[in-house]
Q: 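Structure incoming, see below.
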Amino acid sequence: MKKGITKRSEDFSRWYTDVIIGARLADYSPVKGCMVIRPNGYSLWEKMQSYLDKMFKETGHENAYFPLLIPESFLEKEAEHVEGFAPECAVVTHGGGKKLEEPLVIRPTSETIIWAMFKKWIMSYRDLPLLINQWCNVLRWEMRTRLFLRTTEFLWQEGHTAHATAEEAEEETLRMLNVYQTFAQDYAAIPVLSGRKSDREKFAGALHTYTIEALMQDGKALQAGTSHNLGQNFAKAFDVTFQDQHGKQQLVYATSWGMSTRMIGALIMTHGDDQGLVLPPRLAPLQVVFIPIFKGKEGHGEILSYIEKIAASLDGEISYRVDAREEYTPGWKFNEWEQAGVPIRIEAGPRDLQRGQVVAVRRDTGEKINLPEDSVKDKVREVLDEIQTLLYRRALGFREENTTKVNDYGTFQEVVSGQGGFIYAHWCGDPECEDQIKQETMATIRCIPLESEVDRGVCVRCGNQSDERVYFAKAY
RNA sequence: CGGGACGUGGCGCAGUCUGGCUAGCGCACCUGAAUGGGGUUCAGGGGGUCGGAGGUUCAAAUCCUCUCGUCCCGACCA
């Protein structure tokens, strides 16, 4: 008997929502487009934060915090930036019961206020590079929202750096793209394609944008992190200059990069199954759950102390919990913890106690393994690693199966509307073609690979010369 | 903003067309007992005035008018 979760094959969107509700990651809030992140979801976010934060620090960045409210005029300083963000900004017009002299925008991203501050802090080349990150919430007034994927308010991290040269800025942009890629693959077990965005898809105000793109189980792509080379656009807009070694005033070069709670959506849609959430062990807030199997009224205490003893041997290295609730049956608990995505479940009942073993069950494969009492710790550690690896391989296999090299527009349209996935095809570089393709097929350019082998061909849409292939897909 | 649908205990719904019994069901919740290796069973129990306002009527969840809200589809997007 199954209830609660819609099958993926039946309705992927509903499945996605069911998984989130079932795993208690989040819930709908009274405010349209906003969500409440519940403890299960938030602890997952904290786990992500801790790894990312460590990587940011290792690459020389420091955390800081800038205000939520930004003078409206700041947003207007960089032409392309205004155009990109103005429509989705929430604006505060009143405060303290009075109309404000200048409206304040709730940050949709913090480039403007940060660069207003950078102007004060950067005088000389000795002040560079300036490497700042902030963890915060941002607000974007979206038309259509979905839990974790697109909500009006979301949590993220935004890095903002200032450099003396264009080369350094570019290097930084790619370095952070690489951090994101490492995080996605090694921690979230999500294979990603990295590359550059087309001009149409790039960040408003950037010279160019790099992205990591993941493929979800329904064949749609999801942008999971972006890194922007902002060139001197914001330095110009906010007049941020420094004096170089030769005494000359120069404009500063900038980057910014971000990863958001959307990553949780990516996690769900990459690894989840019809039973619910499946978490990669490295990000799972809870890695092992112990479930005592009681028989009759007697002996509950013995089973529990048997479990407690074994569980205690994991302490410090592996996060676990003992679910000793009496009011639920084992089967009920199995389902509940499966929905929550816990990587390993360990059952122990009278039979196990007698044999001096426990039964471990893998969330990813459902495989049951008998573990002798004294080998639990080593074995669990080993299986967690295996799960981590398998999840990545499985996802990678899926992406490979769903990446199609296409040479003509007919096939292109067929694949987009049929199988979906990534389509690796020639594009001439003309935004006009890109637009046409989007209108006709709903597919967009997800990324232009950084180093593609020279592969001469013709644009799928217009037939003009093309030297490289790009990845197309329908996207979230 | 355009097209469609829907608002009835916490959640999901029936009842509305064809006004009329005490507004019903499933899940969840509470109490008790048995059960316990894949959502256990039985018994008992609490909780709604039908999104809101107005109107028609002897009588409105049901008909009419207005209003508010939500969801889905499209134009925008980490």
Side-chain angles (χ1 to χ4, degrees), chain A residues 1-6 11 13-14 17-18 21-22 27-33 83-89 107-110 136-146 148-158 180 197 200-204 206 209 211-214 221-228 256-266 275-276 291-300 303 323-339 345-355 357-361 366 368 370 438-439 442 444 475-476:
Chain A
M1 193 159 59
K2 275 272 130 27
K3 49 187 165 182
I5 298 182
T6 308
D11 183 342
S13 295
R14 267 190 64 188
T17 308
D18 288 349
I21 302 299
D27 203 350
Y28 292 99
S29 84
V31 181
K32 178 185 162 65
E83 208 185 308
F85 283 104
E88 51 188 75
C89 284
R107 64 182 164 218
T109 178
S110 303
C136 67
N137 57 343
V138 290
L139 202 75
R140 298 181 187 177
W141 215 263
E142 301 291 351
M143 312 271 184
R144 219 163 137 47
T145 57
R146 301 205 48 202
F148 289 113
L149 297 178
R150 180 168 301 106
T151 45
T152 301
E153 179 187 3
F154 59 94
L155 303 184
W156 77 345
Q157 142 285 311
E158 49 180 327
Y180 288 152
K197 282 291 188 190
R200 196 159 291 275
E201 299 275 331
K202 78 174 169 65
F203 176 75
T209 289
T211 177
I212 55 171
E213 298 280 331
L222 182 74
Q223 179 174 312
T226 49
S227 184
H228 318 289
S256 69
W257 26 275
M259 182 173 272
S260 72
T261 39
R262 179 182 243 198
M263 195 67 189
I264 294 175
Q275 260 57 253
I291 298 179
I293 310 292
F294 300 130
K295 298 277 191 188
K297 269 201 133 79
E298 304 298 312
H300 292 200
I303 293 169
D323 184 355
R325 290 174 296 177
E326 289 274 355
E327 63 272 28
Y328 293 106
T329 58
W332 197 93
K333 293 177 186 172
F334 296 168
N335 281 286
E336 173 160 276
W337 292 111
E338 269 168 19
Q339 279 191 33
R345 171 177 88 232
I346 293 180
E347 307 168 18
R351 288 208 300 267
D352 302 300
L353 198 147
Q354 216 171 31
R355 297 176 198 162
Q357 61 155 46
V358 295
V359 179
V361 183
K368 292 194 176 188
N370 292 323
K438 182 177 180 183
Q439 274 176 29
M442 301 281 285
T444 50
Y476 274 98

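To find a chain, count down the sequence lines: A is the first, B the second, and so on, and within it residues start at 1.
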Q: Grab the CZ-P distance between Arg146(A) and C76(B) for me, whole Å please.
A: 18 Å

Q: Record whether the side chain of Arg345(A) comes under 3.5 Å of the base of G38(B) through a donor-acceptor pair of N or O atoms.
A: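 In this structure, the two groups form a donor-acceptor pair.
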
Q: When the nearest nucleotide of RNA chain B is assigned to Thr145(A) and to Glu142(A) on a heavy-atom basis, which residue is associated with the more 5' position?
A: Thr145(A)

Q: Return the value, rounded to whole Å, for the distance between atom NZ of Lys333(A) and atom P of U35(B).
A: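 Checked: the NZ to P distance equals 16 Å.
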
Q: Can you tell me the base-pairing partner of G26(B)? Count Watson-Crick or G-U wobble geometry only, both distances below 3.5 Å, and say none if there is no partner.
A: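 The base-pairing partner of G26(B), which may sit in any strand shown, is C11(B).
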
Q: Name the pairing partner of G2(B), where a pair is Watson-Crick or G-U wobble with both distances under 3.5 Å, or state none.
A: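 Pairing partner, where one exists within any strand: C73(B).
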
Q: Any strand is fair game: report the nucleotide pairing with U16(B) by Watson-Crick or G-U wobble, both distances under 3.5 Å, or none.
A: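 Checking every strand shown, U16(B) finds no partner, since no pair has both distances under 3.5 Å.
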
Q: Applying the Watson-Crick and G-U wobble criteria at under 3.5 Å, what pairs with C50(B)? Answer none if nothing qualifies.
A: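 Its partner is none (no Watson-Crick or G-U wobble pair with both distances under 3.5 Å).
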
Q: Give none if G38(B) has no partner; otherwise give the nucleotide forming a Watson-Crick or G-U wobble pair with it, both distances under 3.5 Å.
A: none

Q: Do Glu158(A) and Ser110(A) pair up side chain to side chain, a donor and an acceptor below 3.5 Å, judged on atom types alone?
A: yes

Q: U31(B) pairs with which nucleotide, Watson-Crick or G-U wobble, both distances below 3.5 Å?
A: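 In the structure as shown, U31(B) has A43(B) as its Watson-Crick or wobble partner.
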
Q: Report yes or no: do Asp11(A) and Thr6(A) form a side-chain donor-acceptor pair below 3.5 Å?
A: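 No - no donor-acceptor pair under 3.5 Å links their side chains.
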
Q: Can you figure out which of G39(B), G37(B), C29(B) approaches the side chain of Arg351(A) most closely?
A: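 Among G39(B), G37(B), C29(B), the one nearest the side chain of Arg351(A) is G37(B).
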
Q: For the ring pair Tyr328(A) and Phe334(A), is the centre-to-centre distance below 6.0 Å?
A: no

Q: Measuring only the P atom in each nucleotide, how far is G46(B) from C25(B)? A whole number of Å is fine.
A: 13 Å

Q: Toward the 5' end of RNA chain B, which comes first, Met143(A) or Ala348(A), by nearest nucleotide?
A: Ala348(A)

Q: Of the nucleotides U40(B), A78(B), G38(B), which has the atom closest to the Val361(A) side chain?
A: G38(B)

Q: Is there aromatic stacking of Phe334(A) against G39(B), centre distance under 5.5 Å, plane angle under 30°?
A: no

Q: Using the P atoms only, state how far G26(B) lies from U18(B), rounded to an integer number of Å.
A: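 It works out to 30 Å between them.
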
Q: Are the charged groups of Arg140(A) and Glu153(A) less than 4.0 angstrom apart, N to O?
A: no

Q: Donor-acceptor pair under 3.5 Å: do we get one between Glu338(A)'s side chain and the base of G39(B)?
A: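 For Glu338(A), whose side chain was compared with the base of G39(B), there is no donor-acceptor pair (under 3.5 Å).
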
Q: Go through the side-chain N and O atoms of Asn137(A) and Arg107(A) and say whether any donor and acceptor fall under 3.5 Å apart.
A: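 Distance-only check passes for Asn137(A) and Arg107(A).
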
